Structures are given as C-alpha cells and as structure tokens.
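First up is the structure itself, then whatever we jot down about it.
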Amino acid sequence: MTDLESLLNDRLAAAFAAVAGEPADPVVRRSQHADFQADGALPLARRLGRAPRDIAADALGRADLADLVATAEISGPGFINLKLRGDALAGLLAAMSGDERLGVPAASAPETVIIDYSHPNVAKEMHAGHLRSTVIGDAVARTLDWLGHDIRRANHVGDWGTPFGMLIEHLLDLGETEAAHELSVGDLNGFYQAARVKFDADPVFAERSRLRVVALQSGDETTLRLWRLLVDESEKYFLAVYDKLGVTLTAADFCGESYYNDMLAPVVDTLDGLGLLQESDGAQCAFPQGFAGRDGQPTPIIVRKRDGGYGYGATDLAAIRYRTQELKATRLLYVVGSPQSRHLEMVYQTAREAGWLAEPARAVHVGFGQVLGADGKKLASRAGQTVKLMELLEEAVTRAAAIVAEKNPELDADTRAEVARMVGIGAIKYVDLSSDRIKDYTFSWERMLSFSGDTGAYLQYTHARIKSIFRRGGVGPDRAAVVLLDSPAERALAMELLGFPAVVADAAQTLQFHRLAGYLQGLAGAYTAFYDNCPVLKADGPTRASRLLLCDLTARVIAQGLGLLGIEAPERM
RNA sequence: GCCCUCGUAGCUCAGGGGAUAGAGCAACGGUUUCCUAAACCGUGGGUCGCAGGUUCGAAUCCUGCCGGGGGCACCA
C-alpha cells in the first residue's frame, strides 16, 4: 500500500462520485503548483450544471484525506491543489523500505503470457534488426515475470522453409565437419550467401536443392538429420549472442516454425470446416473481415500455397491456436517490427473468426520502429551490409572499456572488464528502451555512451555513487530507521521514490518502457539534488539513519528498475 | 490508389483533454577545504508540420491537406 497516487485517486474518486451521483474520474496528476492536482471538477461542471469551483469545494468537503493531505486549495477554474503531509510521505516510505518488492504488489490475478520475441533465422546472422525485438521482449519478460505472471518465452525461430534445400546441399558439399565449424564460429552469413550464390549460378545445384526440400518435407530421415545439424549449430550461436547481450532466453525457449509442422494440416482442415477458406489463384486463403488491399479487394492470408506447401500464415495461426488452446495463454504478445502490423492484425482477426482468440485471451502486437544510422537510413555498415549483432555488442563493450579505463584507472582489470560489459551492453539496451518504441531511433555511439544525460550509464553511475557512500562509511542501511523529510530535497526525493509502483504497473500494462526509463532519470535527478544538499555520512543520529535509508531505497529502486529493463547496476564504476 | 505510422527547442527526445509545453545534449556563464566534478546551479532558445472542427479548455481527440518512413497474396 505504498502507491501514493492510487491512494489519492481512490479517496477522491469516492468523493467525486458522491458529488456526481455516479462514478467520476478525479483526474489526479502530479503538479507544478503542488504535489498533486485533481482536476475532476471541470468535466463535471456541464453535466451537473454547477460551477466547477463549487463542485471542487463540495468534493473536497466529502473527501477523506486528513491522514494524507496537509493543505488542499482550489485554484483557477476549479483545480484542487494538494500538498501532502510529511508524516504521510515518511510513513509510506518506511513501508516501502521494509518491503522486498519496494511497494510493488504481485499481480492479483496472474495469467499465462506468451512473449514471442527475438526470432532469428537459422543459418542467418543475427543483425541489428533482431536487436529491438530481443531487447524489448526481454524487458517484457522480466517485468511480467517479476509481477508474478506465468511467462512463456517463445523464440519463433525461422527454422523451416524452402531455403533449407539449398542450405542442406551446401552443407553436404562442404562436409558436415567443416560446415559445423563454419556455423559454430558464427559465420552464418558466409554460409548462407555461399549457398545462395550456388543456387543462383548452378542449375544442377538448384535442382538438388529443390529435391532436398521435397525430401525434407516428406520426412526423409537423412535429410532431417542434416537439417537438425544446421538448426543445432545455429542455435548454439544464437545462445552465444544472447549470453553476450545478457537476455533471459535459453535453449528451452526455442520453439521455431518447425514445431508447428504437425499442426498445420489440422489447422487448415479446421479452418476449412468452419467455412473460412476460399480458393484463390490455386491457393487456399482466409479472408479476414476488414482488410482490403489494392483495388479494394479483400486481402487474403495464404494458408496453403498453390504448390501445396503451407504458408507462414498457417504457421502463425497454428501457433495462436496452440497457445490459447493447449498452453491456455490469455495474453499473447508479439514483439515484432511495425511493418508486420497488418499481417498480425489479419492473423488475429482470422483466429477470432475461428474461435481461437476469444475473451479473456487477447493478442497484442508490441510493435517497434527501426534503428537508423547517422544518415537517417536503416543502420548498416560502411559497405552497406547489415550490421552483425555480435559485432555491435563487442564494439559497445570495447568502447565502454576505453571510457571506463580513462575515467577510473584505479579499477583492477577484472572489475574494469565487468563494468565495461555492464555499461556497454546497458547503453545499447537503454537507448532502445528509453524512447517510444513505435518510433525509429538514431543510433549514435557517442550519445549512448555518454556518462551524463539520458543514458543508462548515468543511472548506473548514480547507483554506484550511492553504493560508494555505504562503502566509504563502512555502514549498511537500517531499513527500519525513522524517515525524516526536513529539507526540500529529501521531500522531493521521497515523492519520486513513491512513484515507483505506479510506473511499474503502467509499464506492465502498456509495455512502454520509456516511461520507466524516464521515471528512473527523474529519480536519479532528485537523488543528485539530495546528494548535493544533504550530507549523509557527516550527518548525525536520526538524520544520518534516515538519509542512509533514502540512499538505500534509491539504490534499490534504480537497480530494480534497471533490472526490469535487463540492465545491470554495478556496485562501483 | 488504399492502409498504417511519425512530424514538438539547433540536435536527440518526453508530454496519460487541463494552469505559463518540459528534459538531456550542444552553446554561454558559474560552482570543488564537501560522501565518485563521470556531478550540480543558472541563462538563452518553440507560429507543438499547415488548415479547419469538437470542447469551458487541444501538442493531446476528429477531418482534410503537406512532408518523412513503412506496408498492400504464395518470403517470414
């Protein structure tokens, strides 16, 4: 019960409801003119035919706020400005300090959540385009997991389809040992491109590849073994990237397209039985309601291609059915780039029409924009090639190491390397999560690795400074200390700290992590003002104990908040 | 052609229908016998793409235009 905003909201909602005779939003917001303002009187004015100031006064008279609010004033056209009691803030903060969960309640109704993210392609390098899905999806997973939901990470790996004919033939040409070596060291692009070149240039190879696809689809044992080899070696490499990136995906989360192979025929049959399929140009198609393409013609999802093979639409539909019917998931999150918005909406609509996506289950596209280079175009290397994710991560750590070595030469080599890893990887994750995910963002090493400003490193630095106080003082926090909020800086810090539960709840619902990032920046700013104005170790007795508690709580909130974003908080840096 | 999305300070970005639109970076000017100056304080800087509309009130909601990006059947 440390969520200040909901407390105020609940109390005022009751008062406004009493005035209005029906439920009414009190419109509680943080305010420049007070701690909070409640603007609920204004929208009611017309409906009730009364002056808004009069309504505000009436609501205030009925509101039970004595234990929380020191002063409440009506201002302007009918805003209620609320200044909170210091002892109320101190009490809430004490409760937060004593709570392992920092005032954030576990979900009252945990649900099974599928998070479909990362989805690299077998025998293809992970590149910058996989970064956002992986980073955002992992933040989703960490956040919902912390709130107590039953999380299923679904790594929908591209491990099936016609390219595997040529890939397997290329593997045979190379020899299994050599091929496995090439794949395991991560030269996936080289492997794929070599196969592609042969496919385009050599008709004999191309024909072998086509026959190999047939063998693969008909379940030929030798072919399947070779296919499995490609998949296994690629997955090993993906896990190395995940380890480098510090995400929670494991080998157990690989659930590629091939996983649904046996479900495709039944899914298509079921759709057909429901009357949802039509033949068009020789293909079996579903035409979900509400989607038109060129010429206003309905746009199909192709579930079965003219050649008899299944399309990705069939796989996506099989996955939905499996997730809601077998796994009993009620929240399906697709962390996929914005361009696929339409396709996903069509899949969801088809699933609804088939009865596989019904309340309380719902599917949400957690979309995101592109990563742009300095030229404003999709991030690419000098030569115009895609940027390998592994190389991007290595460069981030290398650059961070140089900066850490320069800023703090006293760190021993091991610590420096560890800090560089946390800072470099954290920087990449932070830029990705700190602006509205639906927008594109511009990639800039200089900006993201700056140690001041809106960066991960600044938050990590704030955390490290706090930890330094405890080290320097040779003390630990007394989490049961009496909280004193005598100075404006202490009071302002308290207000920020108490905002944490609401921000986490918002992030869990909207999956807009930039609001959490922005909150942490605000908290770090409030802490720095406190740090400058309120000596901690030099203070005495209860003041010192209270300030140590504030330091401890701030460090815990920053570390937890960063943790939800998948960013580590070093003890020193 | 249709659909989606974005357009806010020089740059990168926040802004859940509410008061005088905010941060960070960059620029300029300050602050250190003090727990990490990797910091802090101050100053300047905006017809919120344009035009209508809804509303007591619009950067926010609606419509139309302009501009950038993306998508529109057998790749996923």
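Because the structure is predicted, anything quoted here is derived from the model rather than measured. Numbered from 1 within each chain, the chains take letters A, B, ... in sequence-line order. Side chains are part of it too, since the values below use all heavy atoms of this structure and drop only hydrogens, waters and symmetry mates.
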Rounded distance (Å) that lies between atom [atom2] of [N] and atom [atom1] of [X]:
X        : N     : atom1 : atom2 : result
A:Lys407 : B:A38 : NZ    : P     : 7 Å
A:Gln460 : B:A39 : CD    : P     : 14 Å
A:Gln297 : B:A73 : CD    : C1'   : 12 Å
A:Arg30  : B:A19 : CZ    : P     : 15 Å
A:Met448 : B:A38 : CE    : P     : 22 Å
A:Leu411 : B:A38 : CG    : C1'   : 12 Å
A:Phe16  : B:G18 : CZ    : P     : 14 Å

Taking only the side-chain heavy atoms of [X] (C-beta and beyond), determine which of [options] contains the nearest atom.
X        : options             : answer
A:Asn81  : B:A19, B:G18, B:C40 : B:A19
A:Tyr531 : B:C74, B:G15, B:U36 : B:U36
A:Ser280 : B:G18, B:A73, B:A38 : B:A73
A:Arg515 : B:A19, B:G15, B:C35 : B:G15
A:Val536 : B:C35, B:A38, B:G18 : B:C35

With 3.5 Å as the limit, what N/O pairs link the protein to nucleotides 66-72 of chain B?
none

**Report entry** Residues in salt bridge (Lys or Arg N to Asp or Glu O under 4.0 Å) contact with A:Arg30, at least two apart in sequence or another chain
**Finding:**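 In terms of salt bridge (Lys or Arg N to Asp or Glu O under 4.0 Å), with neighbours along the sequence ignored, A:Arg30 is linked to A:Glu496.
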
Requested in this report: Would you please name every residue forming a salt bridge (Lys or Arg N to Asp or Glu O under 4.0 Å) with A:Asp440, sequence neighbours left out?
Outcome: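 Expected list: none.
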
Report task. For B:C6 and B:U60, measure between their C1' atoms and round to the nearest Å. Result ->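 One C1' to the other, the span is 15 Å.
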
Report task. With P as the reference atom in both, quote the distance from B:G22 to B:G42 in angstrom, rounded to an integer. Result ->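 The same atom, P, in both gives a distance of 14 Å.
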
Query raised in the report: Pick one: which of A:Lys439, A:Arg437, A:Arg132 meets salt bridge (charged side-chain N to carboxylate O under 4.0 Å, His left out) with A:Asp432?
Result: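 In the set A:Lys439, A:Arg437, A:Arg132, the residue that makes a salt bridge (charged side-chain N to carboxylate O under 4.0 Å, His left out) with A:Asp432 is A:Arg132.
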
Requested in this report: Assess whether one donor atom and one acceptor atom, taken from the side chain of A:Asp532 and the base of B:A37, lie less than 3.5 Å apart.
Outcome: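 Side chain to base: no pair present.
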
Query raised in the report: Got a donor-acceptor pair under 3.5 Å from the side chain of A:Ser75 to the base of B:A19?
Result: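 Indeed there is one.
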
**Report entry** Aromatic ring proximity, centroids under 6.0 angstrom, A:His33 and A:Phe79
**Finding:**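 Ring centroids of A:Phe79 and A:His33 are no less than 6.0 Å from each other.
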
What contact category does [X] fall into here, base, sugar-phosphate, or nothing, at under 4.0 angstrom with non-hydrogen atoms?
X        : value
A:Pro163 : nothing
A:Ala45  : nothing
A:Ser434 : nothing
A:Gln37  : base
A:Arg472 : sugar-phosphate

Report task. Could you check whether the rings of A:Trp227 and A:Phe164 sit parallel, tilted or perpendicular, using 30° and 60° as the cut-offs? Result ->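 Judged by the thresholds at 30° and 60°, the geometry between A:Trp227 and A:Phe164 is perpendicular.
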
Query raised in the report: Aromatic rings A:Trp445 and A:Phe443: how do their planes relate, parallel, tilted or perpendicular, breaks at 30° and 60°?
Result: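 It falls in the perpendicular class, over 60°.
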
**Report entry** Carboxylate-amine/guanidinium proximity below 4.0 Å for A:Glu345 and A:Arg342
**Finding:**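 No.
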
Is a side-chain donor or acceptor of [X] paired with a backbone partner of [Y] at a separation under 3.5 angstrom?
X        : Y        : result
A:Ser468 : A:Ala464 : no
A:His365 : A:Val336 : yes
A:Thr143 : A:Ala508 : no
A:Thr350 : A:Met346 : yes
A:Ser546 : A:Pro542 : no

Report task. Compare the aromatic ring of A:His514 with the six-membered base ring of B:A14 and state whether they stack according to the 5.5 Å and 30° rule. Result ->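 Here A:His514 fails the 5.5 Å or the 30° condition.
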
Only pairs under 3.5 Å count here: list side-chain donor-acceptor contacts from residues 154-163 of chain A, not counting sequence neighbours, and write none if there are none.
residue	atom	partner	partner atom	Å
A:Asn155	OD1	A:His119	N	3.0
A:Asn155	ND2	A:Tyr242	OH	2.9
A:Asp159	OD1	A:Glu257	N	3.1
A:Asp159	OD1	A:Ser258	N	2.8
A:Asp159	OD1	A:Ser258	OG	3.4
A:Asp159	OD2	A:Ser258	OG	2.7

Query raised in the report: What stems involve RNA chain B, if each pair must be Watson-Crick or G-U and both of its distances must be under 3.5 Å, with 3 or more such pairs in a row?
Result: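 If one scans RNA chain B for consecutive Watson-Crick or G-U pairs, the stems found are B:1-7 with B:66-72, B:10-13 with B:22-25, B:27-31 with B:39-43, B:49-53 with B:61-65.
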
Does [X] have a side-chain nitrogen or oxygen under 4.0 Å from the phosphate oxygens OP1 or OP2 of [N]?
X        : N     : value
A:Arg471 : B:C35 : no
A:His343 : B:C75 : no
A:Arg465 : B:C35 : no
A:Tyr458 : B:C40 : yes

Query raised in the report: What pairs with A:Thr134 under side-chain hydrogen bond (donor to acceptor under 3.5 Å, both in side chains), at least two apart in sequence or on another chain?
Result: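 By the side-chain hydrogen bond (donor to acceptor under 3.5 Å, both in side chains) rule, A:Thr134 matches A:Ser118.
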
Requested in this report: Provide the full list of salt bridge (Lys or Arg N to Asp or Glu O under 4.0 Å) pairs with a residue in residues 468-478 of chain A, sequence neighbours left out, each pair given once.
Outcome: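 Sorted pair list comes back empty.
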
Requested in this report: Give every residue pair that meets the salt bridge (Lys or Arg N to Asp or Glu O under 4.0 Å) criterion with at least one member in residues 542-551 of chain A, sequence neighbours excluded.
Outcome: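 For residues 542-551 of chain A, and leaving out neighbouring residues, the salt bridge (Lys or Arg N to Asp or Glu O under 4.0 Å) pairs sorted by first residue read A:Glu490-A:Arg547.
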
Enumerate, atom names and distances included, each donor-acceptor pair closer than 3.5 Å involving a side-chain atom of residues 398-405 of chain A, sequence neighbours excluded.
residue	atom	partner	partner atom	Å
A:Thr398	OG1	A:Glu394	O	2.8
A:Arg399	NE	A:Glu395	OE2	2.9
A:Arg399	NH2	A:Glu395	OE2	3.0

Distances under 3.5 Å only, N/O to N/O: pair up the protein atoms with those of nucleotides 27-29 of chain B.
none

Query raised in the report: Between A:Ser31 and A:Ile469, which is nearer to the 5' end of RNA chain B once each is assigned its nearest nucleotide?
Result: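 Here A:Ser31 is the residue nearer the 5' end.
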
Query raised in the report: On RNA chain B, nearest-nucleotide positions of A:Ala41 versus A:Tyr441: which is more 5'?
Result: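 The residue whose closest nucleotide sits nearer the 5' end is A:Tyr441.
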
Requested in this report: Please indicate whether A:Arg572 has more than 12 foreign heavy atoms, meaning atoms of other residues, nucleotides or ligands, lying under 6.0 Å from its CZ.
Outcome: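 Open: at most 12 neighbouring heavy atoms sit under 6.0 Å from CZ of A:Arg572.
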
Close N or O pairs between protein and nucleotides 5-7 of chain B (under 3.5 Å):
residue	atom	partner	partner atom	Å
B:G7	OP1	A:Lys439	NZ	3.0

Check: protein-nucleotides 21-25 of chain B nitrogen or oxygen pairs below 3.5 Å:
residue	atom	partner	partner atom	Å
B:G24	O2'	A:Asp454	N	3.3

Requested in this report: Apply side-chain contact (heavy atoms from CB on, under 4.5 Å) to the pair A:Val364 and A:Leu333, showing each step before the final yes or no.
Outcome: CA-CA 5 Å; A:Val364 176; A:Leu333 303 174; 3.9 Å; yes

